[in-house]
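For reference, the structure is listed below as structure tokens.
Just so it is clear, the structure is predicted and the values come from calculations on it, not from any experiment. Sequential numbering from 1 along the given sequence is applied to the chain's residues.
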Amino acid sequence: MAHHRVRNDPERTPHTYWTRKAAGALATLWLASVAVFLLLRLAPGDPVSAALGAEADQEQRDRLADSLGVDRPMPVQYLGWLHGLLTGDPGSSFHYREPVTRLIGQSVGSTVQLALAAGLLMLVLGLLLGVALASERRGRLARVLDPPATALLALPVYVTAVLFVFVFAVLLRLLPAGGERDLFAAPDLAVQYLALPAVALALPGSAVLARLLATELRRTRQEEFVLTAVAKGASPRRVLARHVVPNSLAPFFVEFGLHLGELLGGAVVAEQLFARHGLGQLLLDAINQRDYPVAQTLIMLAVAVAVLVQLGSELLVGRLDPRIARAGTGEDR
């Protein structure tokens with residue numbers, strides 16, 4: 001029997017790729033919602049004890065549990081919270097007795113400023129350091145950059161944050177050690193207060209990106225089309241700009257998407273160390289107070305940002321290189 005190979009439909013392949021990626025993202029978000037809901041309730045403590053303390057009698061505890069809704073079966077609580085998430089109303093804070101959306105709206109500006117500044121720094125530093133580390137003229141500059149790039153891979157945010165505060169705020173007194181200012185009311189001061197937490201948050205990710213890009217650049221230099229361009233007499237700068245760098249960026253942007261999605265998690269530490277009143281500080285307070293609606297909504301927000309950024313980066317790479325989309329659907333076999 002003759003076997004006929006079905007030809008790829010170039011119009012359908014990207015749509016299949018996007019559909020599978022979107023379905024995977026939705027499944028991840030649903031599983032994360034279940035995990036977040038259960039883990040918060042399995043942790044020691046409960047909102048009633050956090051609010052009343054150990055001295056309250058059982059009648060007071062029962063009354064508060066009923067008003068908060070934590071005495072209902074957990075499936076009912078989960079479905080109610082999930083419905084609220086999907087409709088844009090995740091409930092009210094147990095502690096502040098205000099809508100969760102209002103509390104998030106009051107704190108999100110600070111975190112967005114920090115995440116955007118750190119993300120931009122991470123992107124620029126990762127590109128510049130990656131190109132420098134992969135330079136064919138691996139002279140003094142590359143030898144100088146190698147040790148700090150390696151060290152930054154191992155340093156978490158809280159270590160770099162403490163080092164920066166000690167050097168730039170305590171010793172040199174160039175930048176404030178903590179706090180924040182309104183970016184629109186006093187942009188010059190706001191940038192000064194934003195500098196240290198943004199750099200501390202960006203450096204570990206930029207070191208990872210630089211190493212990855214340097215590896216990809218060295219690999220691409222050995223590709224046949226690059227060697228052909230060199231043999232035809234193209235200048236090293238032209239080969240790098242026109243052939244090597246553009247064909248090495250796909251893994252870089254996927255990794256950048258992963259780290260960009262993780263910045264909200266890193267902001268929890270950075271905001272605590274630098275006394276910024278953003279979503280990270282709000283999340284820590286909610287966890288300590290067992291404020292379930294606030295804590296689980298903020299964690300899901302962080303997960304959603306990470307998933308959506310990663311999905312966006314993968315779709316962008318799939319658009320730039322259709323071979324990846326075809327590989328993702330299995331239609332290139």
Side-chain angles (χ1 to χ4, degrees), residues 17 21 114-157 159-160 164 198-230 234-267 270 305-325 327-328:
Y17 177 72
K21 289 295 182 181
L114 177 58
L116 289 178
L120 181 61
L121 282 171
M122 185 170 60
L123 178 64
V124 173
L125 289 174
L127 285 170
L128 294 179
L129 288 173
V131 172
L133 289 171
S135 174
E136 289 182 321
R137 302 173 181 177
R138 289 184 58 80
R140 184 176 302 175
L141 177 62
R143 288 196 297 270
V144 169
L145 291 175
D146 267 331
T150 302
L152 288 174
L153 286 170
L155 290 180
V157 173
V159 174
T160 55
F164 286 167
V199 174
L201 193 56
L203 279 182
S206 64
V208 175
L209 292 173
R211 285 291 187 185
L212 175 64
L213 181 59
T215 301
E216 287 297 315
L217 289 172
R218 296 190 195 105
R219 182 191 61 77
T220 305
R221 278 201 178 98
Q222 305 305 315
E223 295 287 345
E224 184 176 349
F225 65 91
V226 175
L227 298 177
T228 300
V230 173
S235 66
R237 181 174 297 179
R238 181 180 177 83
V239 170
L240 181 67
R242 293 288 300 274
H243 302 287
V244 178
V245 172
N247 288 282
S248 303
L249 289 179
F252 176 89
F253 280 117
V254 171
E255 189 70 21
F256 174 69
L258 285 172
H259 285 279
L260 192 62
E262 294 170 356
L263 285 181
L264 186 57
V305 169
V307 169
L308 291 177
V309 170
Q310 174 64 13
L311 177 63
S313 64
E314 290 183 352
L315 295 180
L316 175 62
V317 171
R319 172 71 85 177
L320 295 175
D321 188 352
R323 295 173 299 177
I324 296 177

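- Between Leu129 and Leu213, the closest side-chain pair of non-hydrogen atoms is not below 4.5 Å.
- Heavy atoms only, all atoms of each residue included: Leu212 and Pro251 are closest at CD2-O, 3.5 Å.
- Two residues are said to be in side-chain contact when any heavy atoms from C-beta on lie closer than 4.5 Å; Thr160 and Leu201 fail this criterion.
- The structure places CG of Leu217 at 12.0 Å from CD of Gln222, a figure rounded to the nearest 0.5 Å.
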Could you walk me through whether Leu203 and Phe164 pass the side-chain contact (heavy atoms from CB on, under 4.5 Å) check? CA-CA 11 Å; Leu203 279 182; Phe164 286 167; 3.2 Å; yes

For Leu209 and Leu123, what are the C-alpha separation, side-chain angles and deciding distance, and is it a side-chain contact (heavy atoms from CB on, under 4.5 Å)? CA-CA 8 Å; Leu209 292 173; Leu123 178 64; 5.9 Å; no

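- Under the side-chain contact (heavy atoms from CB on, under 4.5 Å) criterion, Arg242 pairs with Arg238, not counting sequence neighbours.
- In this pair, Phe256 and Phe252 present their aromatic rings parallel. The plane angle is below 30°, not in the 30 to 60° band.
- Nearest heavy-atom pair across Val226 and Thr220 is CG2-O, 3.3 Å.
- Summarising the geometry of Ala198 relative to Ala117, their closest heavy-atom pair is CB-CB, 3.9 Å, with the distance given to 0.1 Å.
- Residues Arg221 and Leu227 approach most closely at O-CD2, 3.6 Å, considering heavy atoms.
- Annotation: side chain of Glu223 is not in contact with side chain of Asn247 (no heavy-atom distance under 4.5 Å).
- Between the CG atom of Leu133 and the CZ atom of Arg218 there is a distance of 6.5 Å, given to the nearest 0.5 Å.
- For the atom pair Glu255 CD and Met122 CE, the distance stands at 9.5 Å (nearest 0.5 Å).
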